[in-house]
Amino acid sequence: MKLKNKVVLITGSTHGIGASMTVAFAKQGAKVLVNGRHEEMPEELKSELEAAGATYHYLQADLAQSDLKAFAEEAWDVYGQIDVLINNAGIGRDKMFIGMREHDYDEVMNLDLKVPFFLTKAILKKMNKQRSGVIINMSSVVGLHGNAGQANYAAAKAGLVGLTKSVAREAALRSIRVNAIAPGMIDTEMTQKLSERVKENILQQIPLKRWGEPSEIAQTAIFLAQNDYITGQTVVVDGGMTI
Ligand code: NAD
């Protein structure tokens with residue numbers, strides 16, 4: 001897929017990996033639909049998009065509490081099409097399994113799995129009519145290998161891998177591709193919260209001896225959007241952490 005003038009919707013895209021993907025797709029000439037919970041887009045992201053000469057539109061929505069069918073309609077109508085959907089918004093509520101409450105499970109499963117499930121459903125219906133499209137789900141190495149203190153997050157991210165493979169098989173009938181990315185440790189607000197001891201411990205497990213940059217996940221998303229013969233895959237981007 002050539003990205004010039006294609007429309008890309010990225011959920012949770014005002015910060016971190018989502019913001020980096022937004023700028024990267026805009027630099028390829030795509031029109032980007034930015035989503036965040038606050039009334040206004042952060043100034044920093046606005047300036048970056050404007051410096052890139054981007055065509056963009058901001059959709060304010062807390063997806064954990066939104067009518068996803070209505071959100072999909074609103075997003076689609078901005079430019080009359082969506083060519084790439086990236087289910088990126090995600091949260092963690094880490095606790096050891098024994099102490100994990102139903103609320104910790106529900107919050108994570110809702111935003112990290114249920115929202116991608118139903119947003120994909122709403123957008124795919126429209127992509128089917130368009131007979132083209134690409135969907136990318138943001139999973140995690142934790143969904144492939146598990147992690148102490150993240151049973152809820154691992155379950156949601158593993159669920160995304162199954163969702164990706166199943167929808168890929170169905171959507172291929174209309175040449176629509178569905179893939180996932182499983183990042184390792186990427187330097188964003190989500191991971192900056194970890195204690196220095198935990199960070200040091202994780203670093204020891206990464207053969208490339210550094211954390212990943214959000215731009216390295218953005219490059220992967222662009223590759224998956226452009227390569228017309230990859231579907232149903234989960235691409236691991238983790239500096240060798242899970243070799
Ligand atoms: P981040 O916390 O920096 O950003 C998450 C984004 O989601 C933010 O823009 C936030 O505003 C948005 N968001 C949160 N709740 C939302 C809601 N209810 N509605 C709409 N948007 C909401 O996290 P990140 O590191 O950039 O993570 C992006 C994705 O990548 C997530 O799905 C995360 O699970 C996944 N991931 C991250 C890492 C990592 O190391 N950073 C590793 C593996 C997977």
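Atoms within a ligand are numbered from 1 in the order they appear, just like the ligands themselves. The structure displayed is predicted, hence computed values, not measured ones.
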*Any side-chain heavy atom of H57 within less than 4.5 Å of one from Y79?*
yes
*Run through ligand 1 for me and note each protein residue having a heavy atom under 4.0 Å from it, chain first, then residue number.*
G12, T14, H15, G16, I17, N35, R37, A61, D62, L63, A64, N88, A89, G90, L111, M138, S139, S140, Y153, K157, P183, G184, M185, I186, T188, E189, M190, T191
*List in chain and number order the residues that pass salt bridge (Lys or Arg N to Asp or Glu O under 4.0 Å) with E107, two or more places apart in sequence or in another chain; answer none if no residue qualifies.*
R93
*What pair of heavy atoms forms the shortest contact from V8 to A30, and how long is it?*
CG2-CB, 3.8 Å
_I'd like to know if the side chain of Q150 pairs up with that of N152 as donor and acceptor (distance under 3.5 Å, no hydrogens or angles considered)._
no
Using a 3.5 Å cut-off and no angle test, enumerate the donor-acceptor pairs between side-chain atoms of residues 111-122 and protein atoms at least two apart in sequence or in another chain.
| from | atom 1 | to | atom 2 | distance (Å) |
| --- | --- | --- | --- | --- |
| D112 | OD1 | I91 | N | 2.9 |
| T120 | OG1 | N87 | ND2 | 2.9 |
| T120 | OG1 | P116 | O | 2.6 |

*Apply side-chain hydrogen bond (donor to acceptor under 3.5 Å, both in side chains) to N5 and list each qualifying residue two or more places apart in sequence or on a separate chain.*
none
